[in-house]
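Please read the structure below before turning to the comments.
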Amino acid sequence: MIKYTKQHEWVAINDGDEKAAVGITDYAQKQLGDIVYVELPGIGVKVNKGDEAAVVESVKAAAEVYSPISGEILEVNENLADSPELINNEAEANGWFFKLAPSEESELEELMDKEGYDKYIGGLD
Amino acid sequence: MKKNSNKGLQVEEPLIFEQSSPGACGVDFPEMEISKNKLGGNHRVKPIGLPNLSEPVAVRHYLRISQKNYCIDSGLYPLGSCTMKHNPRLNEKMARKPGLVDIHPLQPQSTVQGALELIYVCSEWLTKLTGMPGIAMSPAAGAHGELTGLMTIRAALEDRGNPRKKVLVPESAHGTNPASAQMCGYEIESIPANLSGRVDTEKLLGRLDKTVAAIMITNPNTCGLFEDQIVRVADAVHEIGGFLYCDGANFNAIVGRVKPGDLKIDSMHLNLHKTFSTPHGGGGPGSGPVVLSKELADYAPLPFVVKTDDRFELIESAEDTDKKPFGRIKGFHGQFGVFVRALTYMLSMGSDGLRQASGDAVLSANYLLAQLKDDLSISFEGPCMHEVLIDDRFLKDTGVTTLDFAKAMIDEGFHPMTMYFPLVVPGALLMEPTETESKESLDNYIDSVISLAKKAATENTKHFKDAPKYTPRRRLDETAAARNPILRWKPEKNSKNNSR
Amino acid sequence: MRYLPLTTDDRNKMLSEIGVGDIEELFKDVPNDALLKSAIDLPSHKSEMEVETSITSFAKKNKTTNVFPSFLGAGNYSHHIPASVDHLIQRGEFLTSYTPYQPEIAQGTLQALFEFQTQVSLITGMEVANASMYDGATATSEAVLMACRITRRDKIILSNGLHPHYNEVIKTNSRHLKLSIDSTSVYNKKALCELIDENTACIVVQNPDFFGRVQDFTELSETCHQYGALLIIAVTEIISLGALTNPGEMGADIVSGEGQSLGNPISFGGPHVGLLSTREKFLRQMPGRLAGETVDEDGKRGWVLTLSTREQHIRREKATSNICTNSGLCALAFSIHLSLLGEDGFTQLAKINHQKAIDLSKAIESLDEVELINETFFNEFTLKLPKPAISIVEEMANKGVLAGVPVKRLIPHDIDTENMLIVAATELTTNSDIEKFVTCLRETLS
């Protein structure tokens, strides 16, 4: 299951998984341009839904990445340090930022599904 | 044999580190007997790694690289809000005068009365031009001035018992505004612009409460427009016990015609390197004196010059004054060399010249607006002040972006206008011609801009994407520079980027 | 007016194209009672000749270091600037260009900044440096804020060897950011080590310090790192790096400095050039502009401003600093001077400066009532006089010698400083100057 936020983050978790992966959407990476650097959270850090969890920098902009759900950070994507372009090329797959153990199941319900998100970004331009 | 990739006067010039010659030196020293040192065993043992160059090699190096720069002396430089006006060489001659260039800041004050008087006279010109009673001369640049202005406001509020929490800043403000407010310990609230390019006064007034320490306004604003509601805003913020800070970067539009004091502004920085013609020097040095209202004047930082009869005194300690300086923001006394240049300019132009300058600056910008409005999309209805804001609507569906348009301007022989600022319109192009361009120069520029706009409309995108072609370097890979920062030359490294 | 090219004819044509009758109509958005109807009451325009006369009249009222033997330092130093420097920085391409926002037509500025950054890194012994700041005091203040961001701590220690102006600027800038400052009167290295704990963000020392003393801070850096704190070393006389162990070798995490001694005249204290260098791992927390190497579309090496997303025009209130301008032309002058000196010249210049200070100190030995406080020094040291230094300096100035900086001028509240005088010598100091100093001081004390 993949859900989306209005700040252009996505969170993905499959049944039985302990960890949910979080990243930014393809729309977001297009807006930012070539990504040059990512500041990732520390392992073990506990975040609440809506907290700033990471910062992503492109040549012309910097943006905060907010955690779509609450939980404890268990893993970060080490590949992004050497290959930040993964975020441009595979934003919604290998360009994930971090994985966390969700602490509140119900939060996922509050987010948009793909159809809802596509409609949302369609209305933005 | 290295391949020669020179092209006429544009010579490929390596780094100084790549031209080192063992034993060469560009400076001679007199013979001297060296005795045992008194460094306590802390003498340097390892080499530093600096290159050795003779004078001819060094001079040639810097001359060659200078030739790769565009500058005001070479052509129109329409960078919005930067006021790239002519930099008179008289300023340079005066700043180098014996008696001004060779005095030490900590000499006994009795031996530098002329210097203190110069600072005083310079500050008098600035306070009279702005109609404000107080001034802080020491900030080193505009952003430094903003910080200083906010600190005087905070000091005044602390004196009244409560520094408050917030500063309101328009969305269109230059980034230094919120950054300065943050450095002063304030939270920032952003106010959007309205459809006429001014700050949305209703929204602004709606956010005013007793937690607001100050409002920061740029006037004329970054869209090149006069904030006509400014007195209303001033009254409203004063009513709740706050202050009005004005970013004076665009003072060139109104110098000699409007006094910020008459607009009820409390604190405003001036950019001597913009309005007052001191040279931009490739990015500095600047000078950002801050004029202050009666309520704030006493909080100006140390040091400052006072005049008693015929004597000038530099106050360097809070104990030596009844005023309440909030502290010190810079080493020594301020950008003295820049004061000399600015005063030279003010004496040269005089009150009448400065008034004519702002008139011509505004006239030139409106002339651009009138001539360009049919081919480009002017963002807001005129008249504008000293700069005109254009957005990328005229490029819609052409495949040409603001960036591409700017790069094509380079091939036309002009430095591009400011791009993508302010953020309140999409793909912004902000043009400030200044008053030191002849009509021929303006007409040339207009001609180029219109022909490019027409070219873009015919969807000749290749022309734009290939630009610039006639420059020492084509478009540079900024992504690679940021992903893999190489910020200095390193001895062992054989840079794969080295085209030689 | 010579700087205004538009003629009356031009103006009329332009007004007609715009469709207004006069310039005043273009100011219609200004509230009517704020729009001045005539020029402000200030003098009207003047010819070059007249302006020169006015400015010269200010200059004539000053006693200058070119005429009088001068021994002033304390953060601002008289050095010889090679003739080429001033000629090169006055080339229009350097003088009248601006920040290199369009790198294709600013390779001159960018290459010069890249070379400057390299030179500063090399002489300070650090991995990376920025493209300069306003001055040494503000650079040091930025270094402190940087250390607080990196360590996420708020306790700062300032050693008493730090230039009082630097101390004051740090205090002014830190006050609003809820940082606590311990301005220790302690000088001794061991005692400084004892002040550091797990709450310390940084400790700031100066080398040579305000009184001219030279130290090794290696042990201090080790203590800092044990506690996760950062060591900041400030350098006010940059020529000293030609002779001394550099801060990087001592284990400094951030080096801040004043570059005025190279390429820039004393100019009554400004404009100068602030230096900031650090370790690569702290790069993204470093404020100020950075020139970075890259390639263009043809694969040719070139330079651009980079990592600007840390800066105010993008991050706004979350920026590393509010700084926008660097000290461009002053940094260029620094760089050109250092290029002319090179490794050999810089080393030799430092040796000569130190020797001149030794010569001066030896000559002062003949004055029994004057005590030299320093065991170590580079080109500056502190004397203890039998009487208050401020009045002695005033008298000596009347007799034609600019004797030095009374410590009390910068540290007014410490009773011990009243008789202390900071005296500097550089390559410009002649034997005749030294003789005059000693003779004059002897006379003044008797």
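No hydrogens, no waters, no symmetry mates; every other heavy atom, side chains included, goes into these values.
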Electrostatic pair E104(C)-R475(B), nearest N-O below 4.0 angstrom: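 So E104(C) does not pair with R475(B) through a salt bridge.
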
Indicate yes or no: at least one non-hydrogen side-chain atom of L63(B) is less than 4.5 angstrom from one of E93(C).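 Counting from C-beta outward, L63(B) and E93(C) never come under 4.5 Å.
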
Answer whether the closest heavy-atom distance between the side chains of F226(B) and P31(C) falls below 4.5 Å.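 Counting from C-beta outward, F226(B) and P31(C) do come under 4.5 Å.
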
Checking [X] against chain C: side chain, backbone, both or neither under 4.5 Å from a heavy atom?
X       : value
S364(B) : both
R355(B) : side chain
P47(B)  : both

Chain B contact via E52(C) - side chain, backbone, both or neither, heavy atoms under 4.5 Å: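 For E52(C), heavy atoms of backbone and side chain both lie under 4.5 Å from chain B.
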
To the nearest 0.5 Å, what is the distance between CD (E343(C)) and CG (N52(B))?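 Nearest 0.5 Å value for the CD-CG distance: 6.5 Å.
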
To the nearest 0.5 Å, how far apart are CG in L118(B) and OG in S57(C)?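 Answer rounded to 0.5 Å: 8.5 Å.
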
Please tell me whether H104(B) and F268(C) form a close aromatic pair, meaning their ring centres lie under 6.0 Å apart.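 No, ring centres 6.0 Å or more apart.
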
Is the closest side-chain donor-acceptor distance between T306(C) and E478(B) under 3.5 Å?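 Judged by distance alone, the side chains do not pair up.
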
For S351(B) and I40(C), indicate whether the former's side chain and the latter's backbone hold a donor-acceptor pair under 3.5 Å.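 Judged by distance alone, yes, a pair lies under 3.5 Å.
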
